[in-house]
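Have a look at the structure below before the remarks.
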Amino acid sequence: MESQESSCSSATPERSSNPPEPVRSSTSKHRKSPKRRREEKRSQCHHQDDQEHLLLPDGEQIRLPGQHEHSEPSGSSTAEIAETSPKRRAHFLHGPYPATHFGPKACILPNPTSVMHIQDPASQRLTWNKPPVNVLVIRKIRDESLVEPFKELCHFLVEEKGMLVFVERRVVADVSLTTDETFASIRKQLCTFREGYDDISHCIDLIICLGGDGTLLYASSLFQGSVPPVMAFHLGSLGFLTPFKFESYKTEVAKVFEGNAAITLRSRLKVKVVKDMLQRTGQPGQQQYQGSGGQGQAGGQPDTEHNGLLPHGHTNSEAGNITLQMQVLNEVVVDRGPSSYLSNVDLYLDGRLITSVQGDGVIVSTPTGSTAYAAAAGASMIHPNVPAIMVTPICPHSLSFRPIVVPAGVELMITLSPDARNTCWVSFDGRKRQEISHGDCIKITTSCYPVPSICCHDLVYDWFESLAQCLHWNVRKKQARLADDVSDSSDTEN
């Protein structure tokens, strides 16, 4: 594959420049037949098409048209096209392909048969480029029942496995740990950090969570870029995202260190909160906006939306101030807050007004979040491997307003409606709650950095096991079997 990779890179500039003239042989036996020339031309076309859609086995993503964040235009032809064609955000049916490297040492096991953007779930296997050394242990705080499992795990990682363990400073400062003399030698070898002050995103090889689903959500919030593999033990109240049992932690952790474990890529949402992006210029109900600092259309007339399509100036994030940008694993919730009025927000999809949400609010969730707040609001439960974004209204004013699923990769934008009676509030995985006023907007799209969650068995069995055990999905008392000597009533009547 390395030779193919080098040939692909060398073939790209040749197509943009003039091809060298073929060397003509004087003998006819070296002349290619028309059938052979057609086959070679067909193979070249397939090779060029594969360069646009294939993924190299080493995890490197082939450059795709329009992916400005991960690729740079090369060649004069690309630059000319970029100048002449209008600048539009690239659309992908399955959204941006997630990163295949997680932290400094983990990646997906290369599979040469996986050629699609969305891999075969059976091929999502974890491997290590180098043996893991640094392990982050996240423990649920204010839970005394987790003190003993935490000490056992740290002793196992430090003494038996020789790992460098990172722990949050407030966890180590627990009185039950500081007063334990048997744990003193292990505590001195732990590396501590503080959330919001110390950046550990580039030095963690593996994350081990002890707690419930909230512990995994907290671990995800610590990594706003590439996320190391996460191994979650069920020591909380629900445990939908934590498939491992702590009773066999030594065996399970040893298997993960050996590699070749099944993982589930849980997609996240990239969220931006832009303040003062839109400035209202018209009367209530007129839907007239202009960018802050903008002058509207030619002749001093304000920009108005036509057929639900926003003018280009309205989607310019430079017009406002980005006050928050983060990765969300479960959902973004927009609600009415403490106000007694209904919330009234406008929902845009790729710059086009889709609908106005009137009710208690709206939930924009990932497939992982579809089994959380969205499920309680009536949304469908979707497997984490399905590339999608869910939009679920909370107690909508219209009974026909049902939850919808849109493709991953589209950009959603939520703004306060011009005739809204009150402001709205937004929260991200239940954290960092803040108020959204007129002129502010929330931009949401699929992130390129998923959370690689290590499976206990496999990504299909674990998910359905969680549905049955945690949510009691389709758990009921079955009908009793009829006796063999009892015939159907319709048969006796005939």
Exercise for the section: Run the numbers on V334 and S343 for side-chain contact (heavy atoms from CB on, under 4.5 Å), then give the verdict. Expected result: CA-CA 9 Å; V334 180; S343 67; over 6 Å; no

Exercise for the section: Let me see the working for T242 and L235 under side-chain contact (heavy atoms from CB on, under 4.5 Å), right down to the final yes or no. Expected result: CA-CA 8 Å; T242 55; L235 292 170; over 6 Å; no

Handout entry: Step-by-step side-chain contact (heavy atoms from CB on, under 4.5 Å) determination, V171 to I141
Key = CA-CA 7 Å; V171 174; I141 60 174; 4.0 Å; yes

Problem - Residue pair F183, L190: steps toward the side-chain contact (heavy atoms from CB on, under 4.5 Å) verdict - result: CA-CA 11 Å; F183 190 71; L190 299 178; 4.1 Å; yes

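A donor-acceptor pair under 3.5 Å links the side-chain atoms of D199 to the main chain of S201, judged by distance alone. No donor-acceptor pair under 3.5 Å is formed between the side chain of R433 and the backbone N or O of S427. At least one donor-acceptor pair under 3.5 Å links the side chain of D213 to the backbone N or O of F240. Checked by atom type and distance alone, the side chain of S267 never pairs as donor or acceptor with a backbone atom of P367 at under 3.5 Å. Distance alone, capped at 3.5 Å, is enough to place a donor-acceptor pair between the S466 side chain and the D462 backbone. Of the possible donor and acceptor atoms, one in the side chain of D429 sits under 3.5 Å from a partner among the backbone N and O of N330. Side-chain atoms of D205 come within 3.5 Å of backbone N or O of V133 as a donor-acceptor pair. Here the side chain of H101 pairs no donor or acceptor atom with the backbone of S226 at under 3.5 angstrom. Side-chain N or O atoms of T178 include none that pairs as donor or acceptor with a backbone N or O of A173 at under 3.5 Å. A distance-only check finds no donor-acceptor pair linking the side chain of S370 to the backbone of M381 [under 3.5 Å].
Taking every heavy atom of both residues into account, L416 and I436 meet most closely at CD2-O, 4.1 Å. The two residues G369 and A374 make their nearest non-hydrogen contact at O-CB, 3.7 Å. The heavy-atom pair separating A372 from E331 by the smallest distance is CB-OE1, 3.9 Å. A pairwise comparison of heavy atoms in A106 and P229 identifies CB-CG, 3.4 Å as the closest pair. In terms of heavy-atom proximity, C424 sits nearest to V345 at SG-CG1, 4.0 Å. Nearest heavy-atom pair across I389 and V410 is CD1-O, 4.2 Å.
Note that NE2 of H234 is 11.0 Å distant from CG of L241, once rounded to the nearest 0.5 Å. To the nearest 0.5 angstrom, L136 atom CG is 9.0 Å from L206 atom CG. The distance from the CZ atom of F233 to the CD atom of E247 is 10.0 Å, given to the nearest 0.5 Å. Rounding to the nearest 0.5 Å places CG of L269 at 8.5 Å from CE of M390. Interatomic distance, NE2 of H457 versus CZ of F464, reported as 15.5 Å (0.5 Å rounding). Rounding to the nearest 0.5 angstrom, the gap separating the OG1 atom in T215 from the CD1 atom in I138 is 8.5 Å.
Contact annotation: the side chain of K161 never approaches that of V253 to less than 4.5 Å [non-hydrogen atoms, C-beta and beyond]. With contacts defined as side-chain heavy-atom distances shorter than 4.5 Å, the pair V332/F428 qualifies. Considering only heavy atoms from C-beta on, E411 comes within 4.5 Å of D350 through its side chain. Looking at E159 and I186, their side chains come closer than 4.5 Å, going by heavy atoms from C-beta outward. For the pair I414 and V364, the minimum side-chain heavy-atom distance is below 4.5 Å. For the pair W425 and V333, the minimum side-chain heavy-atom distance is 4.5 Å or more. In this structure, T392 and Y373 have side chains that are not in contact, with every pair of non-hydrogen atoms separated by 4.5 Å or more. Counting heavy atoms from C-beta on, the side chains of V227 and Q327 never come closer than 4.5 Å.
Donor-acceptor pairing under 3.5 Å is recorded for the side chains of D143 and S145. In summary, the side chains of D180 and T182 do present a donor paired with an acceptor at a separation below 3.5 Å, with no hydrogens or angles considered.
Salt bridge present: E195 and R431 bring a charged side-chain N and a carboxylate O closer than 4.0 Å. R170 and E168 are joined by a salt bridge, as a carboxylate oxygen and a charged side-chain nitrogen come within less than 4.0 angstrom of each other. The pair K255-E258 fails the salt-bridge criterion, with no side-chain N (NZ, NE, NH1 or NH2) lying under 4.0 Å from an Asp/Glu carboxylate O.
Only one option out of F156, F244, F150 pairs with Y249 in a ring pair (Phe, Tyr, Trp, His ring centres under 6.0 Å); it is F156. With S356 as the fixed residue, the side chain to side chain donor-acceptor pair (under 3.5 Å) test singles out one of D419, D346, N344: D346. Each of T264, N385, D458 was scored for a side chain to side chain donor-acceptor pair (under 3.5 Å) with Q124, with one residue passing: N385. Test K151, R139, R169, R187 against D174 for salt bridge (charged side-chain N to carboxylate O under 4.0 Å, His left out) and you get one pass: R139.
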